[in-house]
Amino acid sequence: MTATPPPLVVEGLTTSIRLDGRLHHVVRDISFEIRAEETLALVGESGCGKSMTALSVTGLLPPIASVTSGRILVEGVDMVAASEKTREDLRGDRIGMIFQEPMTSLNPVLPIGFQVGEALMRHHGLSKKAARERARELLELVRVPAAAERLDAYPHQFSGGMRQRVMIALALACRPSVLIADEPTTALDVTIQAQVLALVADLQKREGLAVLLITHNLGVVASVADRVMVMYGGDVVESAPVKAFFDRPTHPYSQALLAAMPRIEGDGQLKPIPGQVPPLTEMPSGCRFQSRCPLRQEICDRLPEMTPVGGDPEHKVRCWARSE
Amino acid sequence: MNATPLLDIRDLRKVFTTRKGWPIPKVTHVKALDGVSFTVGRGEVVGVVGESGCGKSTVARVALRLMEADGGSVGFDGADVLEASRLDMRGLRRRMQMVFQDPASSLDGRQRIVDALGEPLKVHGLADRSTVRDEVARLLDEVGLPRSALDRYPHEFSGGQRQRIGIARALALKPDLIFADEPVSALDVSVQAQILELLRRIRAEHNLAFVFISHDLGVVRFFCDRVVVMYLGRVVEVGPVPEIFVEPLHPYTRLLKISSPEPDPAVAVAMTFQDGEPPSPTAPPPGCHFHPRCPGATERCRTEKPELRTLGEARSVACHHPL
Amino acid sequence: MSASSSARRNTVASRALRSPGLAFGFVVVVVMIVAALIAPWASPFDPDAQDVMLVLSPPDTTHLFGTDAFGRDVFSRILWGARISLTVGFLATAVGVVIGTVIGVVAGYYGGVIDRLVVAATDVLLSFPQLIMGLLLVAVLGASLTNLVIAIAVTAVPAFVRLARGSTLAMRERDFVDACRSLGYSDLRIMFLHVLPNILDELVVMASLWLAAAIRTESTLAFIGLSVPPPTATWGGIVREGFDNLLDGPWLAVFPSLAILAVMIGLNLIGDGLRDASDPRAPQ
Amino acid sequence: MFRFVIKRLLVAIPTLWAVLTTVFVLIRVVPGDPTIIILGDQASEAAREALREKLGLAKPILSQYFDFLWQVLHGDLGRSLATNRPIVDDVLSVLPFTIELTLASLLVGAVIGIPLGVLAAERRDGFADWFARIFSLAGVSFPAFVSGILLLMVFSVELRWFPVISTANTADPIERLRALVLPAINLGLLMVAYVTRVTRSGMLKALGEDYVRTARSKGLGRRLVVWRHAFPNVLVPIVTVVGLYLGVLIGNAVLTEIVFNRPGIGKLIVTALNQRDYTLLQGLMVITAFAIVLANILTDLTYGLVDPRVKTS
C-alpha cells in the first residue's frame, strides 16, 4: 500500500464576496479530498456555491471574491498560502480546467493547435514545434478527426462538441493530476453530452485523474460520479458515495431535488420544492435551507454539523432532523 | 378522435438564407423545416423534441407567422393561417399564443406588470381602463402571483416568477392553443417543477392545447400526451407518451433516450462513442439524414429519403428499418 | 437575482446624480444656456457697437474680455454668440434625432428592401466627411441660421439612422418583439410604444454627444467664415478674428475658445455620464 | 487575397456612383441660381448667361449629369472656374501633404492611444485610468481649430520650437518633418481620444471573457494574458473606430491645414469656397468621398487580417 496523498485535498474552505462593503460567505467551510481516478460531483442549483468552489480551487475567482479561510492542497502544495507565481506554476500544469461554455472558452483569434500546446511551452519549456507536435497527439487523444489538418484551424470552425474536446485536450496537455470540470456538458446537446462524458471517463482512467465535476444535473452525477456532495446556499448538506446517495437520499433538500426532477422512466410525477433560494443578503442564520424545509424546527437556527447516517461513515448529512 | 384537429401542420417548409464570408459574403441555405407535418387535437399537448438546430423552434414561429413560411400549410380550427389576411390574423393570434424560453427577453423591461398584461386586453377590447387592473390581478392569481405584483417591473422578479408572468400574458387572450418554446429550460430544477405543475393545472382548467418544444425528454414525458421527434428539419417519429420512449421505433429517438441521463445509477447513460458530429444543417447527408450516425444504416438509407408512415396504433416513423 | 437586478435599476437615477462628472457637465451646460437666454439684459455693451478708440484693448474691469479689432466688447459678443451656437446646436440635433430615429426604427423593424435602401443611402451620406458636407451645404444654400440648422441636421441624420436601426435590430433579437406580434399588436404600436422606449437610453446618450458635435460644427463653420454673416457675433467668428490677430490680441481667441471648450466638455461629460449610468457594466 | 480585393472594389462601384450622383444633385439641383451665388445679385444678365454657358448649365440637366459621370470616369474633374487649370492637377499637387498629415495623426493615435487604453483597462480606476479619461475627454472636446491655435501659441509663438509659418512644401526632409509635428499632434489628439476609449472598453470586455479565464487556467502570467490573449481581440473594434472616424479626421485636417497654414486638400477647399469656385468644390467633394470609400474598403480588408472569423467563415 502506497501512502501517496490524494492529488486534491480541500480543508475548511470558505469563500466570500464583498457586496456593499459587507462580506458574504458564498462557500462555507467545505472539506473534501479526491483520490486519483476518482470523480467527486458537486451538485446544486444556481447560486449554491458549487462554481465558486471550483474557481477557489483553481485560483480564478472574480475580483470581488476571495478565499477567506481554509487550505487547498494540490499534490501537497497549499494553493491558498502559495505565492501567485507558485499558483501560476501549478495552474495548467498540475490542475487542468474545463468550463461550461465551449463556444466562448477558446480564444477566437488564435489557432487551435497553438492554444492546445501553449501550456506545454509555458510549463515544460517545449519549443513551438514540439508543442505543435504534442498538440496534434492530444487532439488525436480526444478524438478530433483529422487532427493534423486542424491544428491551424480557428475555434469558429469547430462545432460545440468538438470545441469541448479541444478544451479537454488543452486542459490535459501537461498531464495534470487534477481536472476541474465546471458544468462541462451543460451547453451541449444530450447525444454530444454522452460522448464528452464518455471521453472524460476514458481519459480519467488512462491518466489516473482526480476529477472534480461541477454540475446541476443529477442524471450526469448518477452516470459518471463516484461520490457526490450536494450544496445549498454555500453549505454542503449531504455527502455520500453515489450509490448510497441515490438509494437513500437523506437530507430534505436532496430528497426534494430528486423528487422535483422529471424522469423518462418512472410514473411521470414530480414534486416541486416550494419557494426559492433566498438572496445572499437575506440568508437565514443556521441551516440555510430552513426557509423551504418541511422538517423545520426551532433548532434549525443553529447550523448542524455533518453527521454520518445509516451506519455509513462515508454518508454524511447536515441536518438536525436527520441526525441520529 | 377523428374530428378535425385544432392545429394541422402540413408539409411546412422554411429555408434560412445566411450570408457569411469576407469580403464578399457567400450565401448558404439551411432547410430549417423540410416538409414538417403533424397535428394537435383540442386540449392535446404535443411535445416537439430534438437537438439544437433541428428546427423545433422554427415550427412555432412559422405557425404563428412571426416568420413567413416557404411552403406548406398551417390549419387552425379550419382556417388557413398562412393565407389569412391581416385582419383575420388578428383574430387568429388571439387564439394562438406563445410562451418563450427567456421571459426576461420576452417582456418589455419598461412596462409595469399591469401594463404588460393589460395592454393585450385593451388592444383586443377585452377590458377597459376601469376593469383592467382587476382583470390583470385575476390573471396573476391564476399563475400564483400576488396582487402586489401589479405595479412592479419585470426585473424585480426571479426567473421562475417572470416565467409565470409570461404564462399569464399568454393566457390573457383566452387562447385555445399555446406554443411553449423551451419554457422551463432556463430554470433550476426546483423552480422548473413549480412551472411544470402550473402548466399542468392551467391546461386542465382551460382544456388548453399545447405545442411544447423541448430538448429534455424527462420534461416532455411529464407534460405531453404525444411527441414529435425532429432531426435536421424533418419529423422522424411521432407517438404517444410514454410508449415512444419505452419502445422507440426510430434509432434517433432511441439514441436521444439512452443519451439522456437519469438520476439513477442503474440506468446510467449509455456512453458509447458514436463518433462523429451531427452533420451540418447546411449540407445534410442525402437519403435519411440520420444514416451517418445510425448503427443499422443500409445502402437504401444512404440514397432514399424515408417517408413518415403509420405503424400500429397512433404511431408513425420515418425509417426504412424501424426498431 | 431579483434583488440584485432591482437594486441595479433603482440606482440608475441615483448613480447618475452621484456621478460628479455628469453633475459638473450639467451645471456648465445650464450656465451656458442661461447666459444665452439673458444675453440681451446681461451684456454690458451692445455687441455690435464699435469704438474706434478702443481697438484691441486687453481685458480690464470695463471690458472683462477686452475688445476686438473694431473695438467691440468681447464679453458681450460671447454672450450673444452663445445664442447662435446653442440655437443651431439644439435645433439641428433635434431635427437629426427625430428624422434619423424614425427612419432607423422603421428600417430596422421591417428589414428587407426598405432596410437595404436605407443602409445604402446612409452609407453614401456617411461617405462625405461631416464637416465638408456641412461646409458645402452652407456654401450652396447660403449662410443663414435656418440653413445652418439644415446643413448640420443633414449630417446628423445618417448617424441616428444607423444607431436607431442597429438598436432596433438588437431589440428584434430579443423575444419581446415576437411576443408583441403574437399578441396581435400593430406594427406602429410595437415600433413606437415598445421598441422606441427601449432604445431611448442610447439615443439620449448619442444626442448629447451629437449636440456637442453640432455646436462644434457650427463654430467651425463660423471659424471658416460660413456661419451667420457678420456683424452677428458667433463664437467661431470671434476665434477667427483672434486668430487673425494672434500676436496683437491673443485674448480675442482665448475667451471664445474657452466658451466653446466649456460647452464641449460639459456635453461630453453628460453623454459619458448618462452612458455609464444607464449601463453600469459598460466601461466608460 | 487579390481576388478578394478585386471583388470588394467591384462591390464599391454602386456606392461610388451614388456618391457622384449626390455631389451632382447637391451642386446643381439645390435651390438658388448658382450664377447669383457666384457673381452676386448685382451681376448683369449677360454675364450670368456667359457663366451658365461656361458651367454647362445651359444644357438639359440629364445631359449635364451624363457629361459629369463620363468625365469622372475618365479621371477628369473639369477645370477650375477661377484659374481654369485642370482640377485633377491642383488636387494631385497638394494631396501628398494631406495624406502625410492624416497618416502621421493615425500613427500618433495608435502609438499613444493603444498603450494608454490597455493600461487604463488593466488598472481600472487607477492613476492611468483617470489620466486616460481626462485625456480622452479633452481630445473629444477640443475643436481642431481651438487646439491648433493653442498649440501654435504655446510651441511656435512662445517657445519657438516649431515654425509659425509652415515649411511643409520643402525638399529638406528634416524641415518637412519639423513642420509636420504640431499639425500631426493636433489632428492626432482626437484619434488618441477615440483609440484610447475603444481600447480601454474593448480590453475591459476582453479581460472578462471566458477565453481569458482559459488562458489564466494555463498558468500564463499577466503580460501574456493581456497582450497575447486579450489584446488581439480588441483590434477589430479599434479598426472599426478608426474607419468610422476617418470622416471626422478629414474634416479636422481641413482646420489643421488652415490654422497651421499647410498646403493640402483643406486649404484648397477654403480657397474654392472663398472664390466661389464651384467646379473645384465639386471635384474636391468627389475626391474626399472617394477617399472615404477607399478607406472603408481598407478597413474591411484589415478586418480579414486581424480576425480569422472574417477570413475563414
Side-chain angles (χ1 to χ4, degrees), chain A residues 44-48 143 145 158-162 185 187-202 216-225 242-243 245-247 249 253 256-277 279 292, chain B residues 20 49-54 158-161 184 186-198 200 214-224 241-242 244-246 252 255-280 293:
Chain A
E45 300 178 275
S46 26
C48 73
R143 300 172 197 230
F158 289 72
S159 68
M162 278 300 148
T185 58
L188 305 175
D189 280 322
V190 279
T191 60
I192 309 301
Q193 163 169 286
Q195 291 178 11
V196 170
L197 290 176
L199 176 67
V200 172
D202 182 50
H216 70 282
N217 187 330
L218 285 167
V220 169
V221 174
S223 303
V224 299
V242 88
K243 188 163 179 331
F245 177 77
F246 285 101
D247 286 350
Y253 177 63
L257 208 54
L258 279 164
M261 227 192 124
R263 299 160 188 246
I264 309 174
E265 315 272 346
D267 58 359
Q269 294 305 315
L270 49 81
K271 228 174 91 201
I273 309 177
Q276 47 194 327
V277 186
R292 303 169 76 185
Chain B
K20 249 184 159 179
V49 299
E51 296 177 285
S52 42
C54 75
S158 68
Q161 289 170 326
V184 296
L187 305 173
D188 272 323
V189 178
S190 66
V191 181
Q192 167 178 298
Q194 296 172 5
I195 300 296
L196 284 172
E197 280 291 339
L198 171 69
R200 216 182 217 191
S214 177
H215 69 280
D216 186 329
L217 299 195
V219 168
V220 167
R221 160 80 174 82
F222 172 79
F223 186 57
C224 301
V241 171
I244 191 168
F245 296 133
V246 177
Y252 178 62
L255 175 65
L256 271 186
K257 186 203 158 191
I258 62 172
S259 304
S260 301
E262 286 275 277
D264 180 355
V267 283
V269 171
M271 292 187 296
T272 50
F273 288 108
Q274 338 89 14
D275 261 330
E277 292 285 280
S280 147
R293 299 172 79 190

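Chain A is the first sequence line, chain B the second, and so forth, proteins listed ahead of strands; every chain is numbered from 1.
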ask   = Which distance, rounded to the nearest 0.5 Å, do you find between the CG of A:L270 and the CZ of B:R200?
value = 7.0 Å

key: Least distance between heavy atoms, A:I273 atom then B:S190 atom   = CD1-CB, 3.4 Å

message = Only pairs of heavy atoms separated by less than 4.5 Å count here; which of A:H216, A:M261, A:K243 has the most with chain B?
response = A:M261

inquiry  = At a 4.5 Å cut-off on heavy atoms, which part of B:L196 comes close to chain A: side chain, backbone, both, or neither?
reply    = side chain

key: Side chain proximity check, B:P263 to A:R263, heavy atoms < 4.5 angstrom   = yes

query = With sequence neighbours left out, what residues match A:F245 under ring-ring contact (aromatic ring centres under 6.0 Å, His included)?
reply = none

Salt bridge (Lys or Arg N to Asp or Glu O under 4.0 Å) partners of A:K271, counting only residues at least two apart = none

remark   = In this structure, CG of B:D216 is separated from CD1 of A:I264 (nearest 0.5 Å) by 7.5 Å

request  = Please tell me if the side chains of B:D264 and A:E265 come closer than 4.5 Å, counting only heavy atoms from C-beta onward.
outcome  = no

query = Which atom pair, heavy atoms only, marks the closest approach of B:P261 to A:N217?
reply = CG-ND2, 4.1 Å

request  = Work out which heavy atom in A:A260 is nearest to a heavy atom in B:A193; give both atom names and the distance.
outcome  = O-CB, 3.6 Å

message = Looking at A:G275, is its backbone amide N or carbonyl O close enough to the side chain of B:Q194 to form a donor-acceptor pair, meaning the two atoms are under 3.5 Å apart?
response = yes

task = Keeping the roles fixed (side chain from B:E51, backbone from A:T191), state whether a donor-acceptor pair exists under 3.5 Å.
result = yes

